[in-house]
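We name chains A, B, ... by the order of the sequence lines, and we start the count at 1 in each one. Because the structure is predicted, anything quoted here is derived from the model rather than measured.
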Amino acid sequence: MSTFTGLANPWKGKGKANGLESDFDDLTPAITYRHLHAQHFGPKDPLRAIALCDSDAFYATCEQVRLKVDPAVPLVVRQWDSLIAVNYPARKFGISRMDRWDDALKKCPELKIVHVATYKEGDDEPGYWEKPDTRTHKVSLDHYRRESAKIYNMFKEGLPGTEIEKASIDEAFIDFTRPVREKLLERFPYLAKVPDDAPDGLDSTLPPPPPISWDGLGTLIPLHPARDNDDAEVELLEDDLLTTWSDVALSIAAEMMGRVRADIHAKLGYTLSAGLARNKFLAKLSASYRKPNDQSILRNLAIPGYLRPMPFQKIRFLGGKLGKALAEEYDVKTVGDLLSITLEEMQRKFGEESIWVYEILRGIDRTDVKEKSATTKSMAASKNLTQPVAKASEGSHWIRILAAELALRLNEARDQTPGLWPKSIVLGLRQGWQIYRSKQAPFPFSRTVTIDLIAAAGDKLWKELIGFDDSRPLPMKITHVGLSFTGIASNESGQQNIEGFFKDSDVSVKAEDRGTKRKLHSIVEEKHASEEITECQPSRSAIATHFDCGRCGRRIHISDDLAGIGIEDYIKQQALAALRTEHEDFHLALDLSKLPEDGVNAAKFRPDPPQKKFKKPKSKPEPKPDGIAKFLVKK
DNA sequence: TATCAGCCG
DNA sequence: GGCGGCTGATA
């Protein structure tokens, strides 16, 4: 709605420039003792210091490091016929990511070309092949994810007290506010206490800051970009006069940032570029000021000069449709061009949320750096098919390939965060341009995630969408197959029946307990199951030596030699927990063993009829014993 | 739950 | 500009 209610509008009158910085009126806030001593740092904290740190030509550097190639050698990463990464030496030859690999080679005959890792059906892990075939192989970015994790871990270890948000495979935001504050008080102890003669107590402004030596801390984004080098000295002088405690905060953050970057370079071989500023968006924008292997610092007073001439479509989230719409609506391209648009007008045209854009254009970004917990994440593997699937029975082939990747990645994620579990698995199929079919199903808990387990679940979905009947025509031409996990979370919350399982029995299991765990395996009796859909519930007793399975109704006991007195409680607990998981795995395998063999007896396997809202329980045939074995034993 | 739309590098 | 990947909105 566009009617103005008459309430005081905080934005009124800020639209039009009437003086140099009137669009940027928060660059030199008064900084008080209260700010310095605050325990919680809000988004408007004048001492906030944020960095965006990204890895230079990441995939290319990964290969350069892996192959121990001289970093000065021009190197590109190839994917099929195109390039997905170009290192800086190669860029000097005018090679860009858009080039085909053979064109790149023409530009630089010495170019080192590395094809991204791929794998085909049957491979347990991706490898680097001379000539991968797009018809049989799928690319894997796994190596890059692992290297990314190494860098992330070095951030975490090297920057205690910071908040770190991994923004993508090669980027992380780092909030230095807390450690910077500690360092400030350590370095300037006189700030610790409000002076007795301070006029407003805690709300008194801090004494003027000392001059800052920026030597070795990175590249300062200039206060006046248009000036030429002759004015450098003038600017330096000016800098000192205009220095604020915000700048001091940035300088300390830059110190820390520079140290980890050097450390990562020394230990892992990656060069990183960083931007430091008062918020995420400005940090991101500053990081690209000078690359590679440098860090740029954007002081508050440099914000207008840096932002005004910036094409706004370079700004995160304005690179797409919204940016284009803005550009077309007002026929402009820089941030400065947009500053004359009032908030009301923007909101009228682009909705309430465009206050976000309005603020971004003025260098304001209230978003927080938040460590992305493993939760609410998804994991996808997909493949475009140059030759569409011709027969229904070919589905398993691709599903297996994608399952291998998901298995690898989920297990790896579990090394870092034990207990991770995806709520559901999704199979997505695409035909040509747009038409999409997808099907998802809950992905039941299992201690061990194998390729077979995922492939079986994927096959089941495929069966429901397509069937495995080669004698019937395919319902559509399938040119894209994707398999993904969604709702990946650590199981510590929510799932009562397996809560604490990893803590009790898996992660913290000590070496000497593993023998005990082994033994448990043989104790599980696998007889038959009914069709109850309830889950296995623990029975409630002090130190239980058994549990009752809600699914099959059976009572499962730990072995007598473990159940007796004289065996420590925690051993019993572990034994029982392990037993329960074994049993759940057993049900799981049972469920999945009702799947078809690839292509065999295909005619029997039609797509399932459309799902009814309420499934009527019906008894299924007894699964064959070796159907279980297939999923438990095979690797 | 299925689909779509958008963004990123 | 294709490919692979991720997230959030919507009904």
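- Between A:Ile488 atom CD1 and C:dC6 atom C1' there is a gap of 11 Å when expressed in whole angstrom units.
- Atoms CD (A:Gln313) and C1' (B:dG6) sit 15 Å apart, rounded to a whole Å.
- Shown here are the salt bridge (charged side-chain N to carboxylate O under 4.0 Å, His left out) partners of A:Arg48, two or more places apart in sequence or in another chain: A:Asp368.
- Distance A:Phe485 CZ to C:dG5 C1': 15 Å, rounded to the nearest Å.
- Of the residues in residues 137-149 of chain A, those with a non-hydrogen atom less than 4.0 angstrom from any atom of DNA chain C are A:Lys138, A:Val139, A:Leu141, A:Arg145.
- Residue A:Ser438 places at least one side-chain N or O closer than 4.0 Å to OP1 or OP2 of B:dT3.
- Per the geometry, CZ belonging to A:Arg78 stands 18 Å off P belonging to C:dG2, to the nearest Å.
- Checking the phosphate oxygens (OP1, OP2) of B:dA2, a side-chain nitrogen or oxygen of A:Lys439 falls inside 4.0 Å.
- A:Lys324 pairs by the salt bridge (charged side-chain N to carboxylate O under 4.0 Å, His left out) definition with A:Glu328, not counting sequence neighbours.
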With a 3.5 Å cut-off and sequence neighbours excluded, list the donor-acceptor pairs that the side chains of residues 108-115 of chain A form with protein atoms.
unit_1   : atom_1 : unit_2  : atom_2 : d
A:His115 : NE2    : A:Trp80 : N      : 2.9

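- Judged as a salt bridge (charged side-chain N to carboxylate O under 4.0 Å, His left out), and not counting sequence neighbours, A:Asp415 has no contacts.
- By the ring-ring contact (aromatic ring centres under 6.0 Å, His included) test, A:Phe485 is found to be paired with A:Phe443, residues two or more places apart in sequence or in another chain being considered.
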Write down the protein N/O and nucleotide N/O pairs, taken from nucleotides 7-9 of chain B, whose separation is under 3.5 Å; answer none if there are no such pairs.
unit_1 : atom_1 : unit_2   : atom_2 : d
B:dC7  : OP1    : A:Lys321 : N      : 2.9
B:dC7  : OP2    : A:Lys321 : N      : 2.8
B:dC8  : OP1    : A:Phe317 : N      : 2.9
B:dG9  : OP1    : A:Lys284 : NZ     : 3.1

Between A:Glu371 and A:Lys156, does a salt bridge (charged side-chain N to carboxylate O under 4.0 Å, His left out) hold up when you go through it step by step? CA-CA 11 Å; A:Glu371 172 158 3; A:Lys156 284 225 282 217; 3.7 Å; yes

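- For A:Tyr289, the ring-ring contact (aromatic ring centres under 6.0 Å, His included) partners are A:Tyr306, not counting sequence neighbours.
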Checking salt bridge (charged side-chain N to carboxylate O under 4.0 Å, His left out) for the pair A:Arg366/A:Glu359: CA distance, chi angles, key distance, verdict? CA-CA 9 Å; A:Arg366 321 175 113 87; A:Glu359 288 190 334; 2.4 Å; yes

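- Sorted by first then second residue, the ring pair (Phe, Tyr, Trp, His ring centres under 6.0 Å) pairs that include residues 48-77 of chain A, not counting sequence neighbours, are A:Phe58-A:Tyr270, A:Tyr59-A:Tyr144.
- Contact annotation: A:Ser378 side-chain N/O to C:dT7 OP1/OP2 distance is under 4.0 Å.
- Going from atom OH of A:Tyr59 over to atom C1' of C:dG2 covers 14 Å, rounded to whole Å.
- Legend: residues meeting ring-ring contact (aromatic ring centres under 6.0 Å, His included) with A:Phe155, ordered by chain and number and at least two apart, are absent.
- Of all the residues in residues 269-282 of chain A, not one reaches under 4.0 Å from DNA chain B with any non-hydrogen atom.
- Residue A:Trp80 places its side chain closer to C:dG4 than to any other of B:dA2, C:dG4, C:dG5.
- Here A:Glu125 pairs with nothing under the salt bridge (charged side-chain N to carboxylate O under 4.0 Å, His left out) rule; sequence neighbours left out.
- If you measure from atom NE2 of A:His115 to atom C1' of C:dG4, you get 13 Å, rounded to the nearest angstrom.
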